[in-house]
*Asks:* 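One structure is given below, represented as structure tokens, and several questions about it will come after.
Reminder, nothing fancy here: chain letters follow the sequence lines and each chain counts from 1.
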Amino acid sequence: MLIDFRPILMTIGTLLVILALGMLVPAAVDFFVNNPDWRVFAGSASITGFAGGALAFANRGGEGRLSLQQAFLLTALVWVVLTAFAALPFLFCELHLSVTDAFFEAMSGITTTGSTVMIGLDDLPPGLLLWRAVLQWLGGLGIIVMALSVLPILRIGGMQMFRVEAFETEGKIVSRATQLSAGISIVMIFLTLVLAIALSLAGMTVLEAAVHAMTTIATGGYSTSDASVGYFDSALIEGLITVGMIMGGIPFVLYLKIIRGNRRGLLQDSQVRWYLSILFCVTMAVALWLWLKDDFALFQALRYSSFNVVSIMTGTGFASTDYGLWGTFAVGVMFFLMFVGGCYGSTACGIKIFRFQILFAAAAAHIRRLVQPHGVFTPMFNRNPISDEVINSVLSYFVMFGATFSVITLGLNLLGLDFVTAMSGAGTAMSNVGPGLGPVIGPAGNFQSLPDAAKWLLIAGMLVGRLEVFTVLVIFTPHFWRS
Amino acid sequence: MTFNPHDIEVIDGDSFQVGSKIYSLAGIDAPELGQACDHQGRLALCGLTAAYELAKLFELESGPIECAIEIGLDQPEAVCLVGDSEVSVLLLEGGGVVALPESAPYYHAAEHRAKRARLGIWSGTLVPPWDWRNGKRLPSEHNFDRFSHLAGQLPWKWNNESPQYRPRAEHAACLVKGIVTETGERLYFGPLDQEFEMIEIDPEKGERLFCGDDEARSAGWRRKGEQ
């Protein structure tokens with residue numbers, strides 16, 4: 001049976017129109033500061049808006065029910081098509097990035113990864129800096145809406161657990177996503193505005209505050225400076241951004257619940273408790289290492305540890321210093337931390353806390369069963385029993401994540417990259433973190449120097465990681481097209 | 001010698017100033033500030049990129065930077081460490097600079113690793129910086145029509161209603177501004193200097209553009225505050 005592409009194209013068209021509206025923000029700013037790039041943004045907005053409008057208009061009437069196949073295709077296609085249009089300003093602006101670099105920057109932006117091929121950010125025009133931030137902000141919003149409306153229905157990596165929490169029934173994915181995105185948008189706008197005002201009061205310029213607020217809440221990590229947040233060298237700014245990153249990693253539905261009067265929901269959520277506990281424990285462990293082994297003063301150790309640990313675990317990717325130079329234990333911690341990620345339904349990336357909870361609960365039940373073979377031990381999540389289907393789904397996710405990670409790592413090795421660069425590159429792309437480790441792509445490095453083939457591998461890694469691996473892999477199976 | 005990272009002013013990809021002294025990083029030569037490299041068929045300002053990379057390395061350092069200072073040909077040579085790693089080696093491994101022919105084998109080993117992975121300048125062709133300073137250019141660097149798009153890679157204020165700041169056609173991108181002060185002092189500034197954007201070159205006063213800091217120094221210009 002042929003797949004009906006109309007609802008898919010209509011949704012993509014609508015989202016392209018939103019992307020075009022986003023392009024008007026940097027266009028206006030560049031026009032205001034008399035930078036000729038405003039024409040590029042206006043032109044890109046026209047092309048994107050026209051293409052989006054035409055797609056939506058030509059396929060009108062396609063909204064409503066999406067089949068499972070259509071939902072999979074929509075999810076994978078929308079990120080690729082939006083990235084292609086988002087790359088237009090990078091291609092045609094005065095920097096004239098190559099197609100590979102423009103696509104890399106756009107994919108890294110929209111997936112909230114934060115790896116960059118641009119250097120000399122401090123001297124870039126404001127429009128480009130703002131566009132990178134807008135992309136991450138829209139990508140962050142998009143991922144929450146997708147995680148709450150589409151992914152539970154696709155039953156990827158245990159996300160079916162959140163089906164009830166997100167919505168009661170299957171069916172009209174698009175209309176439910178529209179309702180949801182309104183609420184989430186208001187929360188994101190509010191958090192971004194509050195953070196931007198606070199950063200501005202802490203000493204940032206309006207542009208710096210706006211960019212960092214957007215990329216912090218979206219846990220994206222694009223900055224206005226090559227030295228990232230390290231450029232400001234301010235404990236206050238780092239503290240504010242740390243709080244912002246932590247908030248970006250919490251399920252946004254919980255903020256909506258707070259607005260609706262359920263103030264206890266946040267701390268009653270076991271995922272949030274695990275998330276905050278892991279952040280606290282790792283921050284303390286790294287701070288202790290820096291204090292005892294690396295000659296940092298106690299306050300400095302806590303300051304650098306908290307900022308960089310939160311940045312890496314949430315997948316934001318800001319750096320306040322080159323943590324790649326912190327010595328064996330701290331570097332090892334940073335490597336593994338990039339896979340952890342934040343909570344489900346947040347802007348954060350990575351494997352995500354709930355999967356570790358399920359894995360832990362299943363492993364604990366299994367160990368008990370080994371000791372008492374006839375006992376009945378049910379793994380629990382948020383005081384609810386976890387079904388075997390969810391456990392299998394999560395285990396499959398871990399296997400496929402590991403397999404994809406290995407393939408990308410080996411691919412990068414094949415291109416001549418050293419093991420640390422290849423492994424941390426694959427990890428940072430798949431977990432949508434930003435910087436990797438080592439002199440090439442570490443916090444003090446840049447992805448610009450990589451060969452084009454490596455950049456395309458990382459682009460694939462970012463997409464696969466952001467879409468929870470299976471969403472992309474499933475459409476490459478013959479069974480998907482036959483069913 | 002110990003330097004506070006905040007006191008370090010990066011001049012280009014292999015030299016920096018602290019107070020009144022200018023230091024060259026040991027074992028390496030970076031493309032000159034105005035030098036372009038062929039990066040997979042496209043020209044890129046690899047000299048400017050190398051300078052930004054060095055500045056980023058220093059800026060992200062949270063503690064003092066230890067440097068051993070040795071006597072060099074023109075300027076003192078610095079072997080600087082960030083963490084346990086030598087700055088020159090980190091830059092070589094990132095593919096942003098080249099090892100000097102007469103430098104120690106471990107510099108060449110680091111350069112070889114970058115070459116093998118075709119990183120940075122090794123993904124295409126470049127004229128060795130020492131030949132570039134003697135006037136050798138990539139064929140495409142002579143062609144202004146193909147080169148003019150690189151103006152967009154320069155600090156953006158340059159292109160804003162200031163056509164005189166565009167790179168000179170015959171020398172491609174010349175990114176060092178040499179000015180003559182009220183007292184007759186000849187000073188040069190690179191794109192990483194804060195004053196750079198504000199400077200307008202007045203040829204009638206004898207002010208001019210240079211394609212690299214070495215060219216400026218050879219012509220008698222000096223850094224601000226240099227003894």
*Asks:* Relative to B:Phe196, does B:Lys177 satisfy both conditions: NZ or CZ under 6.0 angstrom from the six-membered ring centre, and within 45 degrees of the ring's axis?
*Replies:*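 Yes, a cation-pi geometry holds between B:Lys177 and B:Phe196.
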*Asks:* Side chain, backbone, both or neither: which part of A:Tyr323 has a heavy atom under 4.5 Å from chain B?
*Replies:*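 It is neither, since no heavy atom gets under 4.5 Å.
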*Asks:* Rounded to the nearest 0.5 Å, how far apart are CG of A:Asn308 and CG of A:Asp322?
*Replies:*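 The CG atom of A:Asn308 sits 9.5 Å away from the CG atom of A:Asp322.
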*Asks:* Which of parallel (below 30°), tilted (30 to 60°) and perpendicular (above 60°) describes A:Trp289 and A:Phe329?
*Replies:*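 Correct class here is tilted.
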*Asks:* Using a distance-only test with no angle check, is there a side-chain donor-acceptor pair under 3.5 angstrom linking A:Glu105 and A:Thr116?
*Replies:*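 Looking only at side-chain atoms, A:Thr116 and A:Glu105 do form a donor-acceptor pair, the distance falling under 3.5 Å.
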*Asks:* Out of B:Gly96, B:Gly95, B:Ser62, return the one with the most heavy atom pairs under 4.5 angstrom to chain A.
*Replies:*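 Ranked by heavy-atom pairs under 4.5 Å with chain A, first place is B:Ser62.
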*Asks:* At a 4.5 Å cut-off on heavy atoms, which part of A:Asp226 comes close to chain B: side chain, backbone, both, or neither?
*Replies:*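 A:Asp226 touches chain B through backbone and side-chain heavy atoms alike.
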*Asks:* Evaluate the criterion ring-ring contact (aromatic ring centres under 6.0 Å, His included) for residue pair B:Tyr106 and B:His112; output intermediate values, then yes/no.
*Replies:* CA-CA 10 Å; B:Tyr106 66 93; B:His112 180 69; over 10 Å; no
*Asks:* Between A:Gly416, A:Ala444, A:Ser320, who has the most heavy-atom pairs with chain B when the cutoff is under 4.5 Å?
*Replies:*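 Going by pairs under 4.5 Å, I would pick A:Ala444.
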*Asks:* Would you check if the distance from the ring center of A:Phe31 to the ring center of A:Trp38 is below 6.0 Å?
*Replies:*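 Distance test on ring centres: under 6.0 Å, yes.
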*Asks:* Name the member of A:Asp37, A:Asp233, A:Leu128 that forms the most heavy-atom pairs with chain B at distances under 4.5 Å.
*Replies:*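 Winner by heavy-atom pair count: A:Asp233.
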*Asks:* Let me know if A:Leu414 has heavy atoms under 4.5 Å from chain B in its side chain, its backbone, both or neither.
*Replies:*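 Neither part; nothing is under 4.5 Å.
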*Asks:* Measure distances from A:Thr421 to the heavy atoms of chain B and classify the residue's part below 4.5 Å as side chain, backbone, both or neither.
*Replies:*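 Contact with chain B: none, neither part.
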*Asks:* Hey, could you give me the CG/CG distance between A:Asp452 and A:Asp101, rounded to the nearest 0.5 Å?
*Replies:*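 Atom-to-atom, A:Asp452:CG and A:Asp101:CG are 6.5 Å apart.
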*Asks:* Relative to chain B, which of A:Ile119, A:Val440, A:Thr100 shows the most heavy atom pairs under 4.5 Å?
*Replies:*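 Going by pairs under 4.5 Å, I would pick A:Ile119.
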*Asks:* Check whether A:Leu417 gets within reach of chain B through its side chain, its backbone, both or neither, counting any heavy atom under 4.5 Å.
*Replies:*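 For A:Leu417, the contact with chain B is made by backbone and side chain together.
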*Asks:* I'd like to know whether A:Phe103 forms a ring-ring contact (aromatic ring centres under 6.0 Å, His included) with A:Trp456, so could you lay out the CA-CA distance, the side-chain angles of the two residues, the decisive distance to 0.1 Å, and finally the verdict.
*Replies:* CA-CA 9 Å; A:Phe103 203 84; A:Trp456 283 108; 5.4 Å; yes
*Asks:* Is A:Asp295 in contact with chain B via its backbone, its side chain, both, or neither, using a 4.5 Å heavy-atom distance?
*Replies:*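 It is neither, since no heavy atom gets under 4.5 Å.
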*Asks:* Is the ring pair A:Phe41/A:Trp131 parallel, tilted or perpendicular, if the boundaries are 30 and 60 degrees?
*Replies:*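 Taking A:Trp131 first and then A:Phe41, their aromatic rings stand perpendicular (interplane angle over 60°).
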*Asks:* Which pair of heavy atoms, one from B:Arg223 and one from B:Ile22, lies closest together, and at what distance?
*Replies:*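 In this case the closest contact between B:Arg223 and B:Ile22 is CG-CD1, 3.2 Å.
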*Asks:* May I ask you to name which of B:Arg113, B:Arg116, B:His6 has the most heavy-atom pairs under 4.5 Å with chain A?
*Replies:*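 Top option by heavy-atom pairs under 4.5 Å: B:His6.
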*Asks:* Checking B:Ser85 against chain A: side chain, backbone, both or neither under 4.5 Å from a heavy atom?
*Replies:*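 The answer is the side chain of B:Ser85.
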*Asks:* Among A:Gly230, A:Ser98, A:Gly445, which residue has the highest count of heavy-atom pairs closer than 4.5 Å to chain B?
*Replies:*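 Sorted descending by pairs with chain B, the first entry is A:Ser98.
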*Asks:* Considering only heavy atoms and a distance below 4.5 Å, find which of A:Pro439, A:Cys93, A:Ala454, A:Gly324 pairs most often with chain B.
*Replies:*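 Result: the option with the highest number of such pairs is A:Pro439.
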*Asks:* With chain A, which of B:Leu119, B:Leu90, B:Leu192, B:Ile121 has the greatest number of heavy-atom pairs at distances under 4.5 Å?
*Replies:*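 The residue among B:Leu119, B:Leu90, B:Leu192, B:Ile121 with the greatest pair count is B:Leu119.
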